[in-house]
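Structure first, then comments.
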Amino acid sequence: MQIEQQLAQLRDQLNDYNYQYYVLDDPTVPDAEYDRLMEALKALEAQYPELVSPDSPTQKVGAAPVTAFGEVAHEVPMLSLDNAFDAESFSAFEKRVHDRLKNISKVTWCCEPKLDGLAVSLLYENGKLVRGATRGDGRTGEDITTNVRTIANLPLSLRGEGYPAKLEVRGEVFMTRAGFASLNDSQRKQGLKVFANPRNAAAGSLRQLDSRITAKRPLRIYIYSMGLVEGEESSLATSHYQRLQQLKEWGMPLCPETGLAEDRAGCEAFYEKIMTIRDSLDYEIDGLVCKVDDIELQQRLGFVARAPRWAVAWKFPAQEQMTELLDVEFQV
Ligand code: NAD
């Protein structure tokens, strides 16, 4: 087969999977299969860089927002994360970071479980929650303000003082395992659609046009970063981890398993530890996110098309099967 044809086939297939996953919240293949095709496309594009097109799935984040919701422009784009699938590719990533930061001998890492839900942006003005949005295609998301207001552990007002007049935070909305089990139980009893996994249940619940339905769903959120900040910038910590602690003081829920690692070996130990406790957590995670902790170094490293150069999602070995999808009877 011609290279152009192979590329077109992979791109079409991935675009279909993206549509099912991001727009319909209803994937038809396991994430591992999606990741396998994406890696194949990346490898081909690396071999034939002249054939990379700006509309390739390797260059894009998520999917365009659905018009039924209002649109929100992300002043600071909401990007994805590059993946590492094993210790070797994590080590190669860590080496690239050190190579780029030539004169820096020590890099501290903030390690956070990779929560398996969906990314949202939340804007607080003078301490009040005024807007919630999905990531969408990274530049434009969907306005889901009334829906995010129903998330039980999300504060509608910030606590304390010293927060910026305009503070956008980003986090992952998810469903706990117990919440997911009881939602599916109740859906089944009512003869309604059963969800494939907690991630899809969370995404489907948050992107409801009727917020009364969202309010009945057991959604939770953990915040993992700041986006746009205006006012009091000088009071912000210079470390990502410390900024998370500031967010906690202002009332934001954080993932309790977040911590610091001093070097690559520290990240590896963190990864092993999180993998060991993975099944005992009451929410699903699919890897460990390692972020350069120093904000100034993050800025120096910058971004590529769809992901920052200062962070990586080190995925756990594939565990998810489509068994849930195949086993359950769908009643829509
Ligand atoms: P991603 O999920 O691999 O990584 C980026 C996302 O990680 C962020 O947007 C954020 O939502 C999330 N995240 C969780 N914890 C985080 C933390 N502590 N800090 C920062 N971000 C955190 O990338 P993506 O672009 O959202 O999705 C791509 C992945 O989605 C694929 O690798 C695949 O696993 C899955 N997918 C599956 C299908 C399918 O058909 N099965 C289709 C599309 C995508």
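First listed ligand is number 1; within each ligand, the first listed atom is number 1. None of these values were measured; they are calculated from a predicted model. Excluded from the calculations below are hydrogen atoms, water molecules and symmetry mates; all remaining heavy atoms, backbone and side chain alike, are included.
- In terms of protein heavy atoms, atom 27 (O) of ligand 1 is closest to Tyr22 OH, 2.8 Å.
- Under a 4.0 Å heavy-atom criterion, Leu115 is in contact with ligand 1.
- Here the heavy atom of the protein found nearest to atom 25 (O) of ligand 1 is Ser80 OG, 2.7 Å.
- Between Trp314 and Tyr271, the angle of the ring planes stays under 30°, which puts this pair in the parallel group of the 30/60° scheme.
- Between Tyr163 and Trp250, the angle of the ring planes goes over 60°, which puts this pair in the perpendicular group of the 30/60° scheme.
- The residue Thr28 has no part lying near ligand 1, judged by heavy-atom distances below 4.0 Å.
- Taking only nitrogen or oxygen atoms, main chain and side chain alike, Glu172 reaches within less than 3.5 Å of ligand 1.
- Contacts between Arg306 and ligand 1, counted as non-hydrogen atom pairs separated by less than 4.0 Å, involve the side chain only.
- The protein heavy atom nearest to atom 18 (N) of ligand 1 is Glu112 OE1, 2.8 Å.
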Side-chain polar contacts of residues 74-81 - donor-acceptor pairs under 3.5 angstrom, sequence neighbours left out - could you list them?
| residue | atom | partner | partner atom | Å |
| --- | --- | --- | --- | --- |
| His74 | NE2 | Thr134 | O | 3.0 |
| His74 | NE2 | Arg135 | O | 3.4 |
| Ser80 | OG | Arg306 | NH2 | 3.3 |

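- When non-hydrogen atoms are compared, ligand 1 lies under 4.0 Å from the side chain of Tyr224 (C-beta onward) but not from its backbone.
- The closest protein non-hydrogen atom to atom 9 (O) of ligand 1 is Arg135 NH1, 2.9 Å.
- Here Lys291 has side-chain heavy atoms under 4.0 Å from ligand 1, and that is the only part of it that gets that close.
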